[in-house]
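To start, the structure itself, in structure tokens.
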Amino acid sequence: MKVQIDPQRCHGHGRCYDLAPGLFSEDDEGYGQVAGDSAVPPDQEHVARLAVSNCPERAIDLVEEA
Amino acid sequence: MTLDDRFTRDFRETRGDQPLGTRNEIVTGPVTDWATDFSHLEPEWAADPYPIQDDLRQRCPVAHTDRFGGGWLPTRYEDVAAVAYDTERFSSRSIIMSNFRPPRELAPVGGTPPISSDPPFHHDARKLLLPVFTKNAVAKREEATRALCHSLIDAFDGQHSVDAARDYAQYIPMRVIADMLGFPPEDGPQFREFIENSLEGVNLPPEERMERMGQLFDYLLAQIRDHVDNPRDDLTTYLINAELYGRKLDPSHVAGTMALLLIAGIDTTWSAIGASLWHLAKTPADRERLVAEPELLPTAMEEFLRVYAPVTMARLVKEDMHWNGVDMKAEDWVLLSFPAANRDPAQFDRAGEVVIDREVNRHVAFGLGIHRCVGSHLARMELRVALEVWLERIPDFGLHDPAAVTWAAGQVRGPRTLPLRIGPA
């Protein structure tokens, strides 16, 4: 499973890096960015889903790998 | 080095040739029907707007008023989001619904950029502020904020009854933003007057409003001049030196942004802290659970922001149009009620209840789209620290007299009088 942020939708609310600091971080202007290689370790799946479901802009997607 | 003489003259004096804007008749008094005559400035709304919004959402859902020269109030989440995202058809030229519309020529900058700005200027003006308000940047202020909260509680000094809005919630954002702007901390009480005029004095005669707004800009100009002479490591000096399109900012841009940061930085967070304490004071089960499980606070705090979202914005309709079932006219106001959106049952389960462990909470207390509150990370830090320190120091408290609680009317809503019993009953 991977996470991705749509930079066109992100407006820097920061819910993703609040809720899942291991998966997301903020850039110099507060926009969310995917930290690391975007792969979600099994123990981070719950917070990844929280980040998705709490983003006010619906800017985050979880991509299930085949 | 060239002398910075942008602020030697009062920038307002050079505006004499600009169009004046339009005024309408001021209508006050009890609302007859909220669907056709709403007013967010009447006492009934200030006391409890939620039943009114819930009723409108079911039967209307876009209310209208002839007051303020004409305006609309969408109450569904979906409609509020649509307006927030549609910067083509809704302008931010004025974001406080009043009896005065600034001239159209004021767009795309507006009087208090970037909140009053439209694209494409908005993006560039906002970009100047973003680095100062990131989560990392505001984290540097946490220690001082925590010390301030402790000192405010120290000053209660064994009293059993305090006004948590006046003696606690108010001072936290006031001191934090004064520090950031580099204003003297003892000027706080003046800020309160500026805020009351900007946000609550909406139905005063225009001359009186302009006179009082003039006092705010007099104050800001004095601070700017002092910072030009004595530059410091603060936001005022930062804005004086900031550049856009290869040149320094217009004096009106510097002062307008400072006005925005001062007004928007205080009232809003003051309201959020006050409303959260009000809820905990009247809901012992939630208070006891947060005292026992402090790690739940970040989640609970988001729920307080959802259910007691302090801020409502406004937009101006650009051109006549049919929009989601209503006929909007150019220059109509649209009240962008984030509080109403946050209680839409189509978006939130148990929308009207306060669920402090709500894990999925896509609330819009800080807005949506390009105008997302630039101070949201600062506000969240202040709210979290204010509640942490309060619950740690005063785990046992309650409402002294529910009827004595008063709420600000207008577009920023929160407790302005909040008498609490502190310590064991």
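FYI, side chains are in, hydrogens and waters are out, and symmetry mates aren't considered; it's all heavy atoms of this structure. Reminder, nothing fancy here: chain letters follow the sequence lines and each chain counts from 1.
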For B:Ile370, which atoms come within 4.5 Å of any heavy atom of chain A: side chain, backbone, both, or neither?
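Contact with chain A is through both the backbone and side chain of B:Ile370.
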Salt bridge (charged side-chain N to carboxylate O under 4.0 Å, His left out) involving B:Arg413 - partner list, sequence neighbours excluded
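Here no residue qualifies.
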Chain B to chain A donor-acceptor contacts, backbone plus side chain, under 3.5 Å:
| unit_1 | atom_1 | unit_2 | atom_2 | d |
| --- | --- | --- | --- | --- |
| B:Tyr85 | OH | A:Glu57 | OE1 | 2.4 |
| B:Lys127 | NZ | A:Glu29 | OE2 | 2.8 |
| B:Lys135 | N | A:Glu26 | OE1 | 3.0 |
| B:Lys135 | N | A:Glu26 | OE2 | 3.3 |
| B:Lys135 | NZ | A:Asp18 | OD1 | 2.5 |
| B:Asn136 | N | A:Glu26 | OE2 | 2.6 |
| B:Asn136 | ND2 | A:Glu26 | OE2 | 3.0 |
| B:Glu359 | O | A:Asn54 | ND2 | 2.9 |
| B:Glu359 | OE2 | A:His46 | NE2 | 3.4 |
| B:Asn361 | N | A:Asn54 | OD1 | 2.6 |
| B:Arg362 | NE | A:Cys55 | O | 2.9 |
| B:Arg362 | NH2 | A:Val52 | O | 2.9 |
| B:Gly369 | N | A:Glu57 | OE1 | 3.4 |
| B:Gly369 | N | A:Glu57 | OE2 | 2.8 |
| B:Arg372 | NE | A:His11 | O | 2.8 |
| B:Arg372 | NE | A:Gly12 | O | 3.4 |
| B:Arg372 | NH2 | A:His11 | O | 3.2 |
| B:Arg372 | NH2 | A:Gly12 | O | 3.1 |
| B:His377 | NE2 | A:Gly12 | O | 3.0 |
| B:His377 | NE2 | A:Tyr17 | OH | 3.3 |

Got more than 12 heavy atoms from elsewhere within 6.0 Å of CD, B:Glu88?
no
